[in-house]
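Below: the structure, in structure tokens.
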Amino acid sequence: MEKQFARAGLSWGPELALAVLTVCMGFFPVLFPAAAQGMFRAAPGSPALYKLLALLFPLWALYVGYRQSGEEGFAARLRIVLFLAVFTGIQEWIHYLNVDLGSYFPGVPNLEWQYRLHHGVVNLASEAAPHSYRFLPNGFVLCLEALTRDFFFAKTIYRVSFDYLLLLAIYRYAQRFVSSPAALVAVLSYLVVFTVSITSYAGQLTDPLSHLSFVLAMLSISYERFWFFASTLVFGLFAKESVLIMGLCWLVCVPHRNMYAMIRLVLLGAVCFGLVVWVRAAVAGPGFGYGNISGITPADILINLKSNWFWQWFFSCGILLVPAALAWRRAQGELKRMLLVLLPGLFVAHLLLSWLVETRNFIPCSIVLVIFAAQYFCDAGSAGETAA
């Protein structure tokens, strides 16, 4: 699979083209709004035509899934593509029923709130902070919305495409540690966790792109592909800056053979820090303080800790610590180190800079935990690619 990653993996071809297009669509209408508006107004064709063209995104994602299935032969690859497509549909239906049709804020339907927030984000409005710092998904959706004249359709294309890619990435990462059937069990376990994690959530567009950036960083660490890892962090922080914790995962999971390896990691950290400061200064102004980092003030930390977060966290993350503990002895070192960084790291980060009740923020940790669970329940021994 090392050869496959280098030859046909997430480094060139359709995968790279999809990544470049996503980044361009995410940045262009936000950083160059006047030029984008002029281009969208001058675009020929009808909204119905652009809706048909937008369907190419999920089809493109399916093709990437076929290439990246990790299986040999057309029939075996097609089975994985269909499996992931079916459960992407189930996931999106659950999200539609429980989030899109819901009302997290009293008296305000979630879809209405999503639309208002979306346009605040793409305008880098300070009142939409901290969501304004995470404009990459919204910029992508804005491009589709401007052409199709339909926000719900545009966000559905975004969610379906990137949720499918997220399931694919989870499957491929799980294959590094467990057999293919166990990796499918890990994907199904993630879907259960996902259902619990979206309880306290109104549907902002950060996910699934932010979670995908986490898993792509995990894959980069597992394959020791630094420049792919670096690009994932640099662009992923514009989906959500918590992905930067993966820099610590690289530090503890990847052997550092020389000073050059350390220097480039330090430089990557400096670039990412600069980008985090830049986007906050652009939204909040040069005099921003602690409360502008992620919308939490020091006074909120104790309130955060006392909030009703524990049981939702327990059933979306904590309960999986039991099979992880049982599988610990035979689990691979990389998986252990990843968990030992993400579990406390995400908890502290979201205690100080977010809300613990939003347990979807712990999904990256849960993804690692479902692989532990799949290893314990499905594989008698370590049967993944890293077993050797």
Under a 3.5 Å threshold, yes or no: a donor from one side chain and an acceptor from the other, between D100 and Q114?
yes

Any luck finding a side-chain donor-acceptor pair between H118 and E145 under 3.5 Å?
yes

Run the ring-centre check on F83 versus F87 and record whether the distance is less than 6.0 Å.
yes

For S222 and R176, which I'm curious about, is there any donor-acceptor pair between the side chains at under 3.5 Å?
yes

Could you please spell out the steps behind the side-chain contact (heavy atoms from CB on, under 4.5 Å) verdict for F273 and L244?
CA-CA 9 Å; F273 178 77; L244 297 182; over 6 Å; no

Do the two ring centres, one from F347 and one from W309, sit under 6.0 Å apart?
yes

Run the numbers on L356 and W313 for side-chain contact (heavy atoms from CB on, under 4.5 Å), then give the verdict.
CA-CA 8 Å; L356 293 174; W313 172 85; over 6 Å; no

Under 6.0 Å between ring centres: does that hold for F140 and F162?
yes

Please check if any side-chain donor atom of Q175 sits under 3.5 Å from a side-chain acceptor atom of S180, or the reverse.
yes

Please step through ring-ring contact (aromatic ring centres under 6.0 Å, His included) for the pair F27 and F135, ending with a clear verdict.
CA-CA 8 Å; F27 276 86; F135 59 77; 5.4 Å; yes

Do L320 and V185 sit in one hydrophobic cluster, given that two such residues count as connected whenever their side-chain heavy atoms are within less than 4.5 Å of each other, even indirectly?
no

Measure centre to centre between the rings of W311 and F314, then say whether the value is under 6.0 Å.
yes

Working note: W60 + Y63, criterion ring-ring contact (aromatic ring centres under 6.0 Å, His included); need CA distance, chi angles, decisive distance, verdict.
CA-CA 5 Å; W60 198 342; Y63 178 57; 9.0 Å; no

Common cluster, L237/V266, ILVMFWY with side-chain heavy-atom separation under 4.5 Å:
no

Backbone of A125 reached by a side-chain donor or acceptor of N123 within 3.5 Å:
no

May I ask you to decide if T199's main-chain N or O and R360's side chain share a donor-acceptor pair within less than 3.5 Å?
no

Taking CZ in F32 as the centre, count heavy atoms belonging to other residues, nucleotides or ligands within less than 6.0 Å. Is the count above 12?
no

Taking Y223's backbone N and O only, do any of them form a donor-acceptor pair with R225's side chain (distance below 3.5 Å, no angle check)?
yes

Hydrogens and angles aside, do T359 and Q312 bring a side-chain donor and acceptor to less than 3.5 Å of each other?
yes

Taking the six-membered ring where the residue is Trp, are the ring centres of H95 and Y201 under 6.0 Å apart?
yes

Within 45 degrees of the ring normal and closer than 6.0 Å to the centroid, is that where the cationic atom of R134 sits relative to F238?
no

Full working for side-chain contact (heavy atoms from CB on, under 4.5 Å) between L18 and L165
CA-CA 11 Å; L18 181 59; L165 292 172; 3.7 Å; yes

On the 0 to 90° scale, with breaks at 30° and 60°, tag the H350-F362 ring pair as parallel, tilted or perpendicular.
tilted

Ring centroid separation for Y104 and W113, is it under 6.0 angstrom?
no

Minimum heavy-atom distance C272-L233, with the two atoms named
SG-CB, 4.2 Å

Parallel, tilted or perpendicular for F177 and Y173, by the 30°/60° rule?
perpendicular

Establish whether L59 and V141 are linked, either directly or via other cluster members, by ILVMFWY side-chain heavy-atom contacts under 4.5 Å.
yes

Donor-acceptor pair between Q68 and E15 side chains, under 3.5 angstrom:
yes

Within a radius of less than 6.0 Å around CZ of F151, do more than 12 heavy atoms belonging to other residues, nucleotides or ligands occur?
yes

Go through the steps for E241 and R280 under the test salt bridge (Lys or Arg N to Asp or Glu O under 4.0 Å), then give the verdict.
CA-CA 11 Å; E241 60 282 347; R280 278 151 181 76; 3.2 Å; yes

Would you check if the side chain of N361 reaches a backbone N or O of S354 as a donor-acceptor pair within less than 3.5 Å?
no

With sequence neighbours left out, the residues meeting side-chain contact (heavy atoms from CB on, under 4.5 Å) with V86 are I90

Given H211 and I170, is the side-chain contact (heavy atoms from CB on, under 4.5 Å) satisfied, shown in steps?
CA-CA 10 Å; H211 293 154; I170 293 171; over 6 Å; no

Answer with yes or no whether the hydrophobic clustering places L101 together with I198; edges join I, L, V, M, F, W, Y residues whose side-chain heavy atoms lie under 4.5 Å apart.
no

State yes or no: do L212 and L144 share one hydrophobic cluster built from I, L, V, M, F, W and Y residues joined by side-chain heavy-atom distances below 4.5 Å, directly or via other members?
yes

Heavy-atom count around N308 CG within 6.0 Å, excluding the residue itself: above 12?
no

